[in-house]
2 protein chains.
Amino acid sequence: MTQTPALTRNQTLVLGTLTKAGEPLSAYAILDRLREEGFRAPLQVYRALDKLLETGLVHRLDSLKAFVACSHPHEHAGETMVAFAICENCARVWEFSDSKIEARFSAWAEAEDFETRATTLEISGLCAACRAAAAAGKPGKPGPETSRR
Amino acid sequence: MTQTPALTRNQTLVLGTLTKAGEPLSAYAILDRLREEGFRAPLQVYRALDKLLETGLVHRLDSLKAFVACSHPHEHAGETMVAFAICENCARVWEFSDSKIEARFSAWAEAEDFETRATTLEISGLCAACRAAAAAGKPGKPGPETSRR
DNA sequence: AGCAATTGCGTTATGCTATAACATATGGCA
DNA sequence: TGCCATATGTTATAGCATAACGCAATTGCT
Ligand SMILES: [Zn+2]
Ligand SMILES: [Zn+2]
Ligand SMILES: [Zn+2]
Ligand SMILES: [Zn+2]
């Protein structure tokens with residue numbers, strides 16, 4: 001069940017940065033926000049992220065090359081397959097799981113005798129708020145802070 | 001329906017390289033295999049890939065940062081959500097779609113009023129052949145040619 | 001044919017993402 | 001005390017992707 005073994009200072013800082021941001025951040029964006037705390041090199045961020053990813057407190061979004069704090073520091077223990085919906089406009093992320101989706105993937109894997117180790121389930125698009133704003137002619141937020149140093 | 005407008009020389013070379021490889025290749029791996037054909041710069045590969053991705057002849061696997069030829073140059077027109085299973089050991093890729101998986105994602109999107117634009121559905125693990133080989137004590141193939149120049 | 005617009009191509013330079021390798025420090029424990 | 005494991009700091013390097021420029025080929029029109 002991956003007992004959380006109390007976070008170190010760097011891990012706490014990185015997790016705090018992601019939580020406060022409320023949206024996905026690239027490792028380098030995290031680094032920039034932690035320079036005042038003494039961070040100097042990407043490795044300090046990546047090493048902290050490694051541990052946070054292991055314990056499930058943070059997720060990596062492959063489609064964005066960015067990291068996000070787990071929205072329900074729930075039990076990721078239950079083997080649950082987690083999916084993410086990412087708004088291209090406001091960068092908000094919805095983390096959800098659906099037992100039926102999981103069941104279908106498992107069915108495919110069983111039929112093919114494939115042993116699943118990791119999953120990447122991400123859908124990107126426009127959230128309700130952004131679509132409403134767009135319909136009303138408003139510009140909207142700039143997007144996720146990734147690829148922007 | 002994205003009429004395929006006849007491929008250019010570079011696009012043909014890149015698609016041929018991916019098809020012949022039969023496994024995912026990074027853009028730089030493709031570049032290396034096309035130097036004898038006159039390729040010099042990553043952009044030549046990326047520009048060809050852009051078009052091939054548009055027309056659905058090639059897919060990008062975010063979890064691998066690599067590209068793979070579509071295994072059934074089928075109609076990707078029908079809005080079908082495509083999923084990939086990737087063997088971590090032999091790098092083979094299974095491309096499949098499941099209307100029930102798609103239906104569940106669509107149901108979530110409709111409930112949240114989220115407009116889906118793109119999907120990344122990838123599961124990685126071990127294929128049947130590699131598991132059997134591992135059980136028999138054999139080493140197996142080295143893995144996908146990504147991150148190796 | 002003449003001409004403009006589009007698209008593809010080649011090249012150079014640069015930026016973003018991630019890890020290797022080495023050094024130092026710290027804390028638990030035999 | 002001496003050993004081991006883990007965290008950390010630092011420098012350098014590898015791997016992935018695009019910006020910006022200029023030129024060439026193609027297309028579509030008059
Ligand atoms: Zn989570
Ligand atoms: Zn939004
Ligand atoms: Zn396909
Ligand atoms: Zn395999």
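Order of the sequence lines sets the chain letters (A, B, ...), proteins ahead of strands, with each chain counted from 1.
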Engineer: Do B:W94 and B:S71 touch side chain to side chain, with heavy atoms closer than 4.5 Å?
Structural biologist: no
Engineer: Please tabulate, one pair per line, all N/O donor-acceptor pairs under 3.5 Å involving side-chain atoms of residues 119-127 of chain B, not counting sequence neighbours.
Structural biologist:
unit_1, atom_1, unit_2, atom_2, d
B:T120, OG1, B:D62, OD2, 3.1
B:E122, OE1, B:S63, N, 2.9
B:E122, OE1, B:S63, OG, 2.4
B:E122, OE2, B:D62, N, 2.9
B:S124, OG, B:E88, OE2, 3.4

Engineer: Among C:dC9, D:dA7, C:dT19, which nucleotide sits nearest the side chain of A:P42?
Structural biologist: C:dT19
Engineer: Are any protein N/O atoms closer than 3.5 Å to N/O atoms in nucleotides 21-29 of chain C? If there are, list each pair with its distance.
Structural biologist:
none

Engineer: What do you reckon, do B:Y28 and the base of D:dC16 stack, with centroid distance below 5.5 Å and planes below 30°?
Structural biologist: yes
Engineer: Sequence neighbours excluded, which residues qualify as ring pair (Phe, Tyr, Trp, His ring centres under 6.0 Å) partners of A:F114?
Structural biologist: A:W108
Engineer: Does anything in residues 38-52 of chain A form a salt bridge (Lys or Arg N to Asp or Glu O under 4.0 Å)? List the pairs, not counting sequence neighbours.
Structural biologist: none
Engineer: Measure CG/A:L25 against C1'/C:dC16 and give the value in whole Å, please.
Structural biologist: 15 Å
Engineer: D:dT8 P sits how many Å from A:L34 CG, rounded?
Structural biologist: 13 Å
Engineer: Just the rounded figure in Å: distance from P of C:dT19 to CG of A:L31.
Structural biologist: 15 Å
Engineer: I'd like to check the ring pair (Phe, Tyr, Trp, His ring centres under 6.0 Å) partners of A:F84; sequence neighbours left out, ordered by chain and number.
Structural biologist: A:H59
Engineer: Using heavy atoms to find the nearest nucleotide of DNA chain C for B:A48 and A:Y46 separately, return the residue whose nucleotide is more 5′.
Structural biologist: B:A48
Engineer: Out of C:dT11, D:dA7, D:dC16, which has the shortest distance to the side chain of B:A41?
Structural biologist: C:dT11
Engineer: Side-chain atoms of residues 5-13 of chain B: list all donor-acceptor pairs with protein atoms under 3.5 Å, sequence neighbours left out, distances to 0.1 Å.
Structural biologist:
unit_1, atom_1, unit_2, atom_2, d
B:T8, OG1, B:Q11, N, 3.4
B:T8, OG1, B:Q11, NE2, 3.4
B:R9, NH2, B:E37, O, 2.9
B:Q11, OE1, B:T8, N, 3.2
B:T12, OG1, B:T8, O, 2.7

Engineer: Which whole-number value in Å describes the distance from A:N10 CG to D:dT8 C1'?
Structural biologist: 7 Å
Engineer: Provide, to the nearest angstrom, the distance between the CD atom belonging to B:Q44 and the P atom belonging to C:dC9.
Structural biologist: 9 Å
Engineer: If I take atom CZ in residue B:F67 and atom C1' in nucleotide D:dG15, what distance separates them, rounded to the nearest angstrom?
Structural biologist: 13 Å
Engineer: Between the two ends of the helix from C:dA1-D:dT30 to C:dA30-D:dT1, what is the bend in degrees, rounded to 10 degrees, where each end axis spans five pairs?
Structural biologist: 20°
Engineer: Is the phosphate of D:dG15 approached by B:K65 (side-chain N or O, under 4.0 Å from OP1 or OP2)?
Structural biologist: no
Engineer: Not counting sequence neighbours, list each pair that qualifies as a salt bridge (Lys or Arg N to Asp or Glu O under 4.0 Å) and has a residue in residues 12-22 of chain A.
Structural biologist: none
Engineer: Does B:T8 have a side-chain nitrogen or oxygen under 4.0 Å from the phosphate oxygens OP1 or OP2 of C:dC9?
Structural biologist: yes
Engineer: B:C130 and B:N89: which non-hydrogen atoms are nearest, and at how many Å?
Structural biologist: SG-OD1, 3.1 Å
Engineer: Has the side chain of B:E110 got a donor or acceptor atom that lies under 3.5 Å from a matching backbone atom of B:A107?
Structural biologist: no
Engineer: What integer distance in Å separates A:Q11:CD from D:dT6:C1'?
Structural biologist: 10 Å
Engineer: Grab the CG-P distance between B:D50 and D:dA17 for me, whole Å please.
Structural biologist: 11 Å
Engineer: With sequence neighbours left out, what residues match A:R92 under salt bridge (charged side-chain N to carboxylate O under 4.0 Å, His left out)?
Structural biologist: none
Engineer: Report yes if a side-chain nitrogen or oxygen of B:R60 is closer than 4.0 Å to either non-bridging phosphate oxygen (OP1 or OP2) of D:dA17; otherwise report no.
Structural biologist: yes
